[in-house]
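Predicted model only: the values in this text are computed from it and were never measured. Remember, it's 1-based here, ligands and their atoms both numbered in the order they're listed.
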Amino acid sequence: MNDQLERLNRLPLRTNLRGLTPYGAPQLDVPILLNVNENTHGVPADVQAAISVAVTEAAAGLNRYPDREFTELRGALAEYLGHGLDATNIWAANGSNEVLQQILQAFGGPGRTALGFPPTYSMYPLLASGTDTGYIIGKRADDYGLSAESAALQVKELQPNIVFLCSPNNPTGTGLGLDVVEAVYAAGEASQTIVIVDEAYHEFAHDGTPSALTLLPGRERLIVSRTMSKAFALAGARLGYMAAAPEVTDALRLVRLPYHLSAITQATALAALQHRTALMADVEDIKEQRDRIVSELTRMGLKPAASDSNYVFFGGLDNPHDVWQQLLDDGVLIRDVGIPGHLRVTAGTETETIAFLTSLERILASQATLPA
Ligand SMILES: Cc1ncc(COP(=O)(O)O)c(C=O)c1O
């Protein structure tokens, strides 16, 4: 046990936090950062200018607490999502991580459980332990797929209070059919299970991919979570949101801290929403890079998963950690998600994508020529 852990364990920490390690994707100073699925295209100049003006205006009023209800922002998010939603359906917080945490605070907690289907977003179990919610590990097929039948059966058997469905799933990048969401929702009827569909990456899905937003009418236990961290290139601003029945937003009001969304955050998000044309053009470019990564990795003999996100999960590597390290030595940071034979890479700009592919091909060729 290292010193830090020893000192931590001397504190009267809650039992379910003992031995845990915090979320910690490496933040390294290297030229090409493709490890946490950020939008590497940067904030377009017109969006930067609009944010600067909006933040300057907000600065004049910083002596006052912000609008606790962030009504204008909720209206703008509803307008962006469409599907007949209005401000009463929307809630936001500092990143969708915080939205998910508030959902667990409201609907999870001691004696309650949340079900996730690993490999999936690594924060789900951490958010569960942080709110003293039991985390149940659900099962996927060997190819990491999740069928409606299997997911519904598990919900019926386990009767969790909350289910996380990540679509497209992180780290695999693959989307879930709406039949899975419908089946899980129906299977959770008896246990009154809250169903969260985490659509953090939905904007990167192939054209025509339906959103779980279409399923909201008549389903008061369904929550669709989104973020401005990815398509909107605003990971640094921290704005995540969800759409659900108005009574769900009322439930989250019970657990949110007063004034949790700063006036600066609200102004930034509103400005980006109002100037989203250039941002959405970058999303199209990222989708092209993503598709190129999939076809190039296939050409190299690797096994990329189908991706509806801004990243690609790929298998077929004998020693993924070695490849990860050699890419890093070349100045390219990608993600070792700890799954045997696999790595995950974010689709960046064209230049970054070329650098990644060139470096990877050289590494694979050098491994192939190594004596056995
Ligand atoms: C699937 C998924 N959901 C939610 C998040 C949280 O994003 P944020 O808190 O920046 O909105 C992430 C971040 O990478 C993610 O991959």
Side-chain angles (χ1 to χ4, degrees), residues 22-27 33-40 43 73 77 80-81 90-105 114 116-128 130-131 135 140 144 146 162-176 181 195-205 209 211-212 223-243 252 256 260-262 265-266 268-269 272-273 279 286 290 305 307-313 333-339 344-348:
Y23 174 87
Q27 285 195 306
L33 293 168
L34 303 174
N35 69 326
V36 284
N37 303 337
E38 290 155 331
N39 185 329
T40 71
V43 181
L73 177 58
L77 289 166
Y80 166 67
L81 291 179
I90 306 296
W91 187 252
N94 297 283
S96 54
N97 279 326
E98 190 178 76
V99 174
L100 298 175
Q101 183 179 53
Q102 291 179 348
I103 297 169
L104 284 162
Q105 286 175 319
F117 296 95
T120 192
Y121 183 40
S122 59
M123 277 303 297
Y124 299 152
L126 291 180
L127 290 166
T131 55
Y135 188 70
R140 287 177 180 267
Y144 306 123
L146 184 63
I162 297 166
V163 178
F164 289 108
L165 296 175
C166 192
S167 181
N169 187 45
N170 182 1
T172 55
T174 313
L176 280 177
V181 181
V195 179
I196 305 172
V197 185
D198 182 347
E199 291 191 347
Y201 300 94
H202 179 79
E203 286 92 341
F204 300 102
T209 305
S211 160
I223 301 176
V224 182
S225 159
R226 295 277 187 106
T227 182
M228 293 184 78
S229 294
K230 311 295 177 178
F232 281 84
L234 284 185
R238 311 306 297 129
L239 196 288
Y241 57 104
M242 64 105 224
L252 301 192
R256 60 110 170 90
H260 68 292
L261 218 48
S262 85
T265 307
Q266 295 183 39
T268 302
L273 281 159
L279 285 162
I286 293 164
R290 181 259 331 266
S307 176
D308 269 310
S309 55
N310 69 338
Y311 52 90
V312 178
F313 176 71
L333 177 62
I334 70 166
R335 190 75 172 267
D336 181 354
V337 285
I339 298 177
R344 189 195 72 192
V345 63
T346 305

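For atom 10 (O) of ligand 1, the nearest protein heavy atom (residue, atom name, distance) is S229 OG, 2.6 Å. Protein heavy atom closest to atom 3 (N) of ligand 1, with residue, atom name and distance, is D198 OD2, 2.6 Å. Nearest non-hydrogen protein atom to atom 14 (O) of ligand 1 is K230 NZ, 2.9 Å.
A donor-acceptor contact closer than 3.5 angstrom links the side chains of Y121 and N97. No donor-acceptor contact under 3.5 angstrom links the side chains of N37 and R335, judged on distance only.
Residue I196 forms a side-chain contact (heavy atoms from CB on, under 4.5 Å) with just one option from I162, V163, V99, and that option is I162.
Close contacts between ligand 1 and N97 involve ligand atoms 6 (C), 9 (O) [criterion: under 4.0 Å to a heavy atom].
In C166, the part holding a heavy atom less than 4.0 Å from any atom of ligand 1 is the side chain. Within the 4.0 Å heavy-atom criterion, neither part of M228 lies near ligand 1.
Of the N or O atoms in Y201, one or more lie within a sub-3.5 Å distance of an N or O in ligand 1. Residue R238 has at least one N or O atom closer than 3.5 Å to an N or O atom of ligand 1.
A ring-centre distance under 6.0 Å is found for Y201 and Y311.
One option in P171, S96, G95 has a heavy atom closer to atom 4 (C) of ligand 1 than any other, and that option is S96. Closest heavy-atom approach to atom 12 (C) of ligand 1 within the set Y121, Y241, Y311: this belongs to Y121.
Between I339 and P171, the closest heavy-atom pair is CD1-CG, 4.2 Å.
Within the cation-pi definition used here (under 6.0 Å to the ring centroid, within 45° of the axis), R140 does not qualify as a partner of F117.
Inter-residue side-chain proximity for I90 and L73 is flagged as unmet; no heavy-atom pair is nearer than 4.5 Å.
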